[in-house]
Amino acid sequence: CRDAVQAVVDTGGGPDILINCAGISMFVAGTPNDSRIKFYETKPDGWQRILAINLIGSFLMARFAAPPMIARKWGRIGNVTSSF
């Protein structure tokens with residue numbers, strides 16, 4: 001995340017907009033044969049992977065994008081959530 005933001009700073013002066021829109025579904029928290037998994041049937045390591053990507057990934061991108069936005073006195077951060 002730090003390197004991605006730094007590449008934008010080095011190339012264009014800094015990010016103007018960050019849209020956090022990457023994520024994975026509950027499918028990774030189940031077993032390979034699960035078609036739909038209920039939250040109370042998730043494997044702890046699968047749930048930790050979901051949190052690492054969906055939550056911590058968004059936090060880290062915003063964490064590193066905010067300082068150059070603040071320094072430039074401009075920027076917007078959007079977080080997209082969805083369910084299917």
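These numbers come from the heavy atoms of this one structure, side chains and all, not from hydrogens, waters or symmetry mates.
For the atom pair Thr81 OG1 and Leu55 CG, the distance stands at 12.0 Å (nearest 0.5 Å). Atoms CZ and CG, from Phe59 and Asn20 in turn, are 11.0 Å apart once rounded to the nearest 0.5 Å. Put simply, CD on Gln48 and CD1 on Ile53 are 12.0 Å apart, with the number rounded to the nearest 0.5 Å. Atoms CZ and CD1, on Arg63 and Ile77 in that order, are 11.5 Å from each other to the nearest 0.5 Å.
Annotation: side chain of Asp16 is not in contact with side chain of Arg76 (no heavy-atom distance under 4.5 Å). Between Cys21 and Asn79, the closest side-chain pair of non-hydrogen atoms is not below 4.5 Å.
A pairwise comparison of heavy atoms in Val8 and Pro15 identifies CG1-N, 3.6 Å as the closest pair. A pairwise comparison of heavy atoms in Asn54 and Gly23 identifies OD1-CA, 3.0 Å as the closest pair. Among all heavy-atom pairs drawn from Val5 and Pro68, the shortest one is CG1-CG, 4.1 Å.
The number of heavy-atom neighbours closer than 6.0 Å to CZ of Arg2, taken from other residues, nucleotides and ligands shown, is 12 or below. Open room surrounds CD1 on Ile17; 12 or fewer heavy atoms of other groups in view lie less than 6.0 Å from it.
In the hydrophobic clustering of ILVMFWY residues, with side-chain heavy atoms under 4.5 Å counting as a link, Met61 and Ile50 come out apart.
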